[in-house]
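Inspection log for the structure reproduced underneath, given as structure tokens.
Side chains included, hydrogens not; waters and symmetry mates left out as well; all remaining heavy atoms used. Along the sequence shown, the residues carry numbers beginning at 1. Remember, it's 1-based here, ligands and their atoms both numbered in the order they're listed.
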Amino acid sequence: MAENEWTVLLPAEIHPAGPESIADIATTVSRDEYETREQLLADADRFDAVITRIEPIDREFIDEASRLRIIAKHGVGYDNIDIDAATENGVLVSNTPGVNSCAVAEHAITLLLAVRRELLRADRAVRAGRGDGYEVVTDEFGTDTVGLYGYGDIGSEVASLCSGLGMDCLVYDPYVDGSELSNYATNVDTTATLFERSDAVSVHAPLTAETRRDISRRELELLSPSGILINTARAEIVDRNALVSSLETGSIAGVGLDVFADGPPSQDHPLFEYENVVLTPHIGAQTTDALTQMSVESATDVRSAYDGRVPETSLNSGEVP
Ligand code: NAD
């Protein structure tokens, strides 16, 4: 053990590879050890580093955590971390971009195909002994044009998978130039054009002030009645009430969601009523490969900070002394 060993707060669930890789410099404490937020806050000044998945790391925690040097996000979307508070307190924030893009892209495509071919409805019919008279006819996905809202690591991977399945892709991403797109994707300038010209739209942008509820009633109404919405990014990007009413009025055909605003939905979630809705509990990145890599890379970021270096994937290094 190092003399100046660090104490690192870990998420409740993490692949052991990361924590094991820093065992020579750090003692780790699982969030599981704290039953309440108050207990965690009371202990916040123990931690030199925090590895976090989707648990919020807010200003109150950061202000209390007087020893904190780094918040290492195990994943990509850092909307659960108060970066301004971290920066003001001289705390580095890093993430692990790219390592879960295959996993999430595969999940988005899995949801899309399941919704397009109405897989769960057929499954329920078989289980209920109604397989014999089952006559639901679906459209094929091979002729779909898929609209990608966001074309970063995950969106571009989805485009590549779509191309392999014979689908065309349109892209709306105000920060990506048309010349950066692969030859099987075409840029559009507005969300309206994206929704108007796509058979299905898949969301792959971060949650920001700009993207919050950016997909509203107006966009959803532009999808055709056979249109599908897939969201594996963040729930808050899509107006939930508008989504429910699109299903209610039949102005879209189906929905696939991996993300919910307040964690997995309760039994009274309004989307439960609709047949062609496929819901998964934020498992897009939950593959062995992605979990191992996110664990190892977030731990590597902690080691960098321990060594006095700035992690390559730091999000605020320019502002932290
Ligand atoms: P990324 O940073 O590589 O790509 C995000 C893209 O969104 C960028 O190209 C950016 O220009 C674009 N974008 C930003 N603002 C936009 C806007 N207003 N409209 C359209 N596009 C916009 O990130 P990524 O690795 O592709 O991940 C995307 C998001 O997916 C993450 O921010 C995260 O919230 C979510 N995610 C979910 C899971 C899951 O388990 N379901 C796992 C990983 C990431």
Side-chain angles (χ1 to χ4, degrees), residues 11 13-15 52-56 73-81 83 93-112 146-162 169-182 185 187-195 198 201-216 219 229-239 256-261 263-265 278-291 293-295 297-298 313-315:
E13 300 285 335
I14 185 167
H15 190 283
T52 184
R53 290 179 68 168
I54 53 170
E55 315 76 27
K73 166 77 188 194
H74 171 295
V76 192
Y78 46 87
D79 47 281
N80 58 321
I81 302 169
I83 299 214
V93 181
S94 66
N95 68 349
T96 60
V99 297
N100 58 17
S101 6
C102 280
V104 182
E106 283 182 6
H107 195 67
I109 292 288
T110 304
L111 288 173
L112 173 60
V146 179
L148 302 173
Y149 178 92
Y151 189 83
D153 288 324
I154 298 171
S156 53
E157 192 64 40
V158 172
S160 156
L161 293 175
C162 285
C169 277
L170 296 176
V171 169
Y172 171 76
D173 188 327
Y175 304 101
V176 169
D177 193 70
S179 62
E180 297 169 54
L181 302 185
S182 51
N187 218 10
V188 298
D189 287 338
T190 62
T191 52
T193 314
L194 187 78
F195 279 76
S198 299
V201 171
S202 191
V203 184
H204 301 292
L207 176 63
T208 62
E210 189 187 31
T211 63
R212 186 178 290 274
R213 280 197 295 281
D214 194 34
I215 298 177
S216 65
E219 283 71 29
L229 185 93
I230 303 296
N231 189 0
T232 55
R234 287 292 182 265
E236 296 88 339
I237 297 172
V238 180
D239 182 327
L257 299 182
D258 186 44
V259 282
F260 305 91
V278 180
L279 307 171
T280 55
H282 206 149
I283 57 164
Q286 229 162 280
T287 64
T288 310
D289 283 351
L291 288 174
Q293 285 201 57
M294 288 186 287
S295 174
E297 296 214 359
S298 52
T313 56
S314 167
L315 297 161

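- Atom-to-atom distance recorded for R53:CZ and I14:CD1 is 7.5 Å, nearest 0.5 angstrom.
- Here the CD atom belonging to E157 is positioned 8.0 Å from the CD atom belonging to E106, to the nearest 0.5 angstrom.
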Any protein N or O within less than 3.5 Å of an N or O in ligand 1? List each pair with its distance, or say none.
residue  : atom   : partner : partner atom : Å
ligand 1 : 3 (O)  : D153    : N            : 2.9
ligand 1 : 3 (O)  : D153    : OD2          : 3.4
ligand 1 : 9 (O)  : G152    : N            : 3.4
ligand 1 : 9 (O)  : D173    : OD2          : 2.6
ligand 1 : 11 (O) : D173    : OD1          : 2.8
ligand 1 : 11 (O) : D173    : OD2          : 3.2
ligand 1 : 18 (N) : E210    : OE1          : 3.3
ligand 1 : 26 (O) : D153    : N            : 3.3
ligand 1 : 26 (O) : I154    : N            : 2.9
ligand 1 : 34 (O) : R234    : NH1          : 3.3
ligand 1 : 40 (O) : H282    : NE2          : 3.3
ligand 1 : 40 (O) : A285    : N            : 3.4
ligand 1 : 41 (N) : T232    : O            : 2.8
ligand 1 : 41 (N) : D258    : OD2          : 2.9

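- When the shell of 6.0 Å around CD of E180 is examined, it contains more than 12 heavy atoms from other residues, nucleotides or ligands.
- In this structure, F260 CZ and T280 OG1 are separated by 6.5 Å, a value rounded to the nearest 0.5 Å.
- Y151 and S182 share a side-chain donor-acceptor pair at under 3.5 Å.
- With rounding to the nearest 0.5 angstrom, the CG atom of D173 is 11.5 Å from the CG atom of D189.
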